[in-house]
Structures are given as structure tokens and as C-alpha cells.
Trainee: 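Take this structure, written in C-alpha cells, and hold onto it; I'll ask about it next.
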Amino acid sequence: MASIEFVKVSKYFDRQPVIQDLDLKIEDGTFTVLVGPSGCGKTTLLRMIAGIDPQTSGTVLIDGKDVTRIAPGKRGVAMVFQNYAIYPTMSVRENIEFGLVNNKVPKAERTRLVETIGETVGLADYLDRKPSTLSGGQRQRVALARAMVKNPSVFLMDEPLSNLDAKLRVQMRIELIELHKKLGTTFVYVTHDQVEAMSMADTIVLMNKGVIQQEAPPEVVYRKPSNLFAAQFIGVPPMNIAPLGEDRSTFGFRPENAVLAAEPGSFHFSAKGEIATREMLGSETIYQVKTGDGRSFMVKCPDDIFHVDQEVYLGVPADKLFFFGADGNRIEERDARYLDFLERLRGQSHG
Amino acid sequence: MKTLEWKSIGQALSIVLKAAVLILFIFPFLWMISTSLQTLRETMAFPPTWIPASPQWGNFVEAMNAGPFLTYFKNSVVVTGSIIILQFLVMIPAAYAFAKYKFPGKTVLFGMILLAFMIPGQVTFIPVYLMMAEWGLVKTLLPQIIPFVSNAFGIFLLRQYFMQIPEEIIEAARLDNASEFNIMRKIMIPMSGPALATIALFSFVSHWNDYFWPLVMTDSAAVRPLTLGIAMLRETEGISNWHIIMAGNVMLVVPILLVYLFCSKHIVKAFVYSGIK
């Protein structure tokens, strides 16, 4: 069990800054997901915690202790890599045991631990097999077992599910949530997949270009995104954004909050348009609506009642609208400008 | 129909060519073995004798008794074995550092190793001999061992091989609290079996067969290797005892064939990268 803290941390690669003066606190026992597009610095942060690619300046604290000068193997952290990084010449047992051998755990204790963990991850029958004879999912479990057996205070995971097929990924997601619940250890999980972030995290740390965009529980990131980036990164399809007036300020709404109808309705924002594309996904249908003035909005509907080229009226209630200032930050309801923006939008409504 | 004919002609041609190459390579060996079992008269006969009338196994005994054969053999084993062991001790850490570490002067140092790789022994043997003589080592086996402790070709080949091993595996080992020594011993070496076997074989063949270097560096039978001992069989009589020389040569070549039989599978692997998953 341990908390992790970054204090004024910077990282340069060949004099190129990747992260500058970053502060972040990851609470003890939480499942924290670092999410963002590739190159945003999320893996860099993870590797700093592990110590395999230390920060250029600043301090990383694990459980309040500065670990800058502590070797990766002595930090009490375990990591699961994207490509699993299993030792190919060792058997499953030797793979799981390797860390224990290096930590001079007695043989009897080692055997007991390996067999217990093997049982937990469902590899008991495979302990003497070579990794090359295992499937992708089983290799993933070897990597997990190898991390778990050391009983670390922090679990680091670098896109551990991205090499699995879609079905197995969903299953492993649930297993990881259960594992976290059972162990109660601090989990730090890196992914570029916002669905993984939303489904597993206690706290999402959303990053872009080395800067933290928002740090909040999933529902807060979804309902109250702090800026345009957060609004468009989380949610499928992403939030619809359209300009609002001359000053580069914008408004937006989520595809699932818009209502489509054949007749005009009485919504705060409404627009007349035509269905350009239709994606029928089973439980829901996603329409792309193109308005007369060339704007295009995605709308997610539970019913599949419209067809392509049909004329429709799109409406969004006032409480489902988001406004963003010229700087890209979201304007909150209590902000003085909020009502002004709401009024401006009413003036733009057509149909 | 026509293409089929051409195809079979092509196949026949390919078999003939392969057979020709095979004979070209295997003929000297067969000739050597045949001669080693002939009498002196048979070796001189014309047309040449292909299969000896009665195999003269005694030729081998004679070759062994012509000089301190066991000493020569022991010297060859000690020199070649020591070179290979010492080369591995130097080569593995060097290749690991060049493949996986960042340090100032890395490029220059690696360039120097490649340069050393290109300088032939004939250029350096006089200064090396003088140095060894000054240190009083000429009466020992060391002048045949020390100059070869660092194997530039081996460092180069092994570095290329190490570079293909994913970084994450080494990082995972560091997180598993493995020392750098254990990373080399338990991860890098087992994963580089084919490359190590190849380097060991090349090194074994070139030092087991080496003639020039020991000729320069030795001045007594006590430190001479098998190659020199067998060459000396020629000088024992006025006429060349080809049957005895060839018996000696067979004994020189057998260890190489044995080692090759064990290593050949790995050698193909080292050059045809099959991917590490």
C-alpha cells in the first residue's frame, strides 16, 4: 500500500521537454488510470514511478519517501508491460519466481507462493510450460502473476490489454477490477483507450502534450469536462462542438443528449438538418446530421426510426449544453458568462 | 507441357551442380582419409590408389609416436579452450554494454573494436612477440592465448543479437530486482544460444587450425600445438611421408567435425533471425 506523488517533475528526451513541472498525487489504494493520446507523456510518468526511466528533475515520492536514488527492483513496485515482457527461455514457474529468487525468498516459501498465485490466475496446470506454448491471454496472466507474486505496494500497468482480442479484453477488464478490489493496492494503469479508463478507474488523469488536462473520477470527467480536450476525448462518439459567435468561444453537447424528431420541438438549441449517415449498433443507432449551414452533429438514439437523407429536427435541452471560452476551458453554470452564452445560442437556433 | 520439361531440366541441372559442389568440398577430406590408410608405396603410385589394399591403421600410431603428440594435443586443447572461455568472459559484458547502455564515447569505442577486427595478425605479430619476450612469457602458452582474449567479431555479432532482445524484458528483470550480472546470466545468455554457439565454433576452428601465430610465438615442443606438430612430420625424413602426415591431419580435423556436428543447427539460427516473441 502506498501513495505516489510527483513534485515539480520534468522529463527531457534529447533536450526535448516531454513533461514540465508536473505535480500529481495518486492516493493510496486507488485505481488511477492515466489516459491520453499517444505521445502525451502517460507512459513516461509510469516509467518514472518504476524507476526504469527516471525524471530529469523534480521528485517522485512513493509513500512519502523520495525514490529518486532507489533502484527499480527496490521500490516495491511491479509492472505489467504492453508486450508482457515474459522471459522466453524460462518456464512459467521460473518467470513468476524470478523476482522472488532475486529477493532471496527461501525455496519452500517460493514454491508455495508460485502455486497459490498460479491457482489465482488460472495457470496452475501450465507452470512447467514454456511461454511460447501459451496463448496471448495466458501470457497476459503470466505477466500478471509475475507482478502479483512480489506483493508490491504499487501495481503499474502499461496498456496491458491492448494485445488481446476485443472479447478477452472485456473479460480481463472485469478481472482487473476484481483484482484491485481484492488486493486493495494502488493501481496505476496507462491506456489510450477511454473506454478502459472509464470502466476501471477510480480516478482518471487525462493528459495531453505532457500536461494534465483533468484529474477526476470518470463520472466527473464525463459530466463536467474541464476543457474542450477532455470533452472530446471522453465519450463515443465525442462531444459535438460548434462555434458560438466571433470570439472563438464554442458550445457543445453529447451525442446521447440530443433528440431527433421529424417535427420541430421546443428545445433550447434546435437545428434543422438531414441524416447523412446511419450506424445501427444494435442497442442504439448513431446518426450524422448535416445542417443547412454546413455543420455536422453526431446523435446517438435508442430507436432506429430515421433513414438516410431524411429531414429531421435536432434538439438539445438547456441543461445538456456545455459552453467553452475562447481559451478552451469550460464555462461553469455559476460563471457570470454562462447565461450570456445561453442567450447567444438561443439566438442561433433555427427551425 | 513445355514448361514442365524445362522445369525438370532445371531440376536435373540443379542436382548436378549441387553434386559437383559437394564433391569439390568433400574430395579433399576423402583423399586425406584414404591416404592416411595407405602404405608409402601406395601414396607414390601412379595412377593414384583410391582405396588402400589393406588399411594401415598403424599410420596413426606412427604419427603419434613421431613426436610428443599428446603434449601437442594438450597444448591445442588448453590454448583453444582458454581462448574461448576468456573471449566469452570479455565479449558478453562488452556486447551487453554496447547493445543496451548509453554512455559517452560509445560510438568511438565501438568503432575502435571494428577497427581492431580489420587489422590482420601479420601486422601486429612482431611487436606482440617482442612484448611477450620482454615479459618472459615465450616459454609458456600465454602468447598464444592473451592476444585473442578480445574477439572483435564476436563482440560485433553478439551486440547485434542482443540489440534484438526487447528492452522491456531487461526492464522487467530490473523491476524483478535482478543484478546486471544476473540479467546477463539468466536472460541475455540463454536467449542468445545460437549466436554464442556460432561465435564459439568460429573461434574454435580458427584457433585450433592456427598455424602462423604459434609458429612465431613458440620455440620449443613443450608449448607447440597440434598444427605445428603435424607440419613437423614432414621434416622427419628426406622424402615426405604423406601417409603419416595425413594420419596426423585426420586426428587434427576430427575434433572440428565433432564440434561442428553439435553446433550446426544453432549456426543457421544465428544468421537467420527467427524473431523473439
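Each chain gets a letter, A, B and so on, in the order the sequences are listed, and its residues count up from 1. Remember, predicted model here, so these are calculated numbers, not experimental data. The analysis underlying the following values was restricted to heavy atoms, covering all of them including side chains, and did not include hydrogens, waters or symmetry mates.
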Trainee: Evaluate the side-chain proximity of B/E171 to A/R47: yes if any heavy-atom separation is below 4.5 Å, no if none is.
Mentor: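 The answer is yes, as the side chains (C-beta and beyond) meet within the 4.5 Å cut-off.
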Trainee: Is B/K186 salt-bridged to A/E94, cutoff N-O under 4.0 Å?
Mentor: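 No, no charged N to carboxylate O under 4.0 Å.
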Trainee: By a 4.5 Å heavy-atom criterion (distance strictly below it), what part of A/A50 contacts chain B: side chain, backbone, both, or neither?
Mentor: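 Both parts, backbone and side chain.
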Trainee: Which heavy-atom pair separates A/A85 from B/A172 by the least distance, and what is that distance?
Mentor: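 For A/A85 and B/A172, the tightest heavy-atom pair comes out as O-CB, 3.9 Å.
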Trainee: Using a cut-off of under 4.5 Å on heavy-atom pairs, state which of A/V77, A/N83, A/V80 scores highest against chain B.
Mentor: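 So the answer, after comparing A/V77, A/N83, A/V80, is A/N83.
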Trainee: Does A/K150 reach the main-chain N or O of B/L175 with its side chain, forming a donor-acceptor pair under 3.5 Å?
Mentor: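 Yes: the side chain of A/K150 pairs with the backbone of B/L175.
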Trainee: Please say whether more than 12 non-hydrogen atoms of neighbouring residues, nucleotides or ligands are located less than 6.0 Å from CZ in B/F103.
Mentor: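 For B/F103, atom CZ is crowded (more than 12 foreign heavy atoms under 6.0 Å).
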Trainee: With a 3.5 Å distance limit and no angle check, can you tell me whether A/Y87 reaches the backbone of B/A173 through a side-chain donor-acceptor pair?
Mentor: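 Yes.
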Trainee: Should B/I187 and A/M90 be marked as a side-chain contact (heavy atoms from CB on, under 4.5 Å) after you check the CA-CA gap, both sets of side-chain angles, and the distance that decides it?
Mentor: CA-CA 9 Å; B/I187 291 162; A/M90 297 185 197; 4.0 Å; yes
Trainee: Near A/K209 NZ, under 6.0 Å, is it more than 12 heavy atoms from other residues, nucleotides or ligands?
Mentor: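 No, not enclosed.
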Trainee: Let me confirm one number: the CZ-NZ distance from B/R174 to A/K74, rounded to the nearest 0.5 Å.
Mentor: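 B/R174 atom CZ to A/K74 atom NZ measures 14.0 Å (nearest 0.5 Å).
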Trainee: If I measure from the heavy atoms of chain B, does A/V101 come under 4.5 Å with its side chain, its backbone, both, or neither?
Mentor: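 The side chain, not the backbone.
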Trainee: Just wondering, do A/F81 and B/I169 contact through their side chains at under 4.5 Å, heavy atoms?
Mentor: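 They are not in side-chain contact.
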Trainee: Are there more than 12 heavy atoms of other residues, nucleotides or ligands under 6.0 Å from atom CZ of B/F29?
Mentor: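 Result for CZ/B/F29: open.
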Trainee: Would you mind reporting whether A/D158 and B/E168 have side-chain heavy atoms less than 4.5 Å apart?
Mentor: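 Of all side-chain heavy-atom pairs linking A/D158 with B/E168, none is under 4.5 Å.
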Trainee: Heavy-atom count check: over 12 atoms from other residues, nucleotides or ligands less than 6.0 Å from B/F27 CZ?
Mentor: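 Enclosed: over 12 neighbouring heavy atoms sit under 6.0 Å from CZ of B/F27.
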Trainee: Have B/N177 and A/N103 got a donor and an acceptor in their side chains that come within less than 3.5 Å?
Mentor: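 The criterion, which ignores hydrogens and geometry beyond distance, is satisfied for A/N103 and B/N177.
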Trainee: Looking at A/F13, I'd like to know if its CZ atom is crowded, meaning that more than 12 non-hydrogen atoms belonging to other residues, nucleotides or ligands lie closer than 6.0 Å.
Mentor: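 Count over threshold, so yes.
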Trainee: Tell me which one of A/L100, A/N102, A/N95 satisfies side chain to side chain contact (heavy atoms under 4.5 Å, CB included) with B/D176.
Mentor: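 When A/L100, A/N102, A/N95 are each tested with B/D176, the side chain to side chain contact (heavy atoms under 4.5 Å, CB included) holds only for A/N102.
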Trainee: Is it true that, when you exclude B/F110 itself, more than 12 heavy atoms of the residues, nucleotides or ligands shown sit nearer than 6.0 Å to its CZ?
Mentor: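 Counting other residues, nucleotides and ligands, CZ of B/F110 exceeds 12 neighbours.
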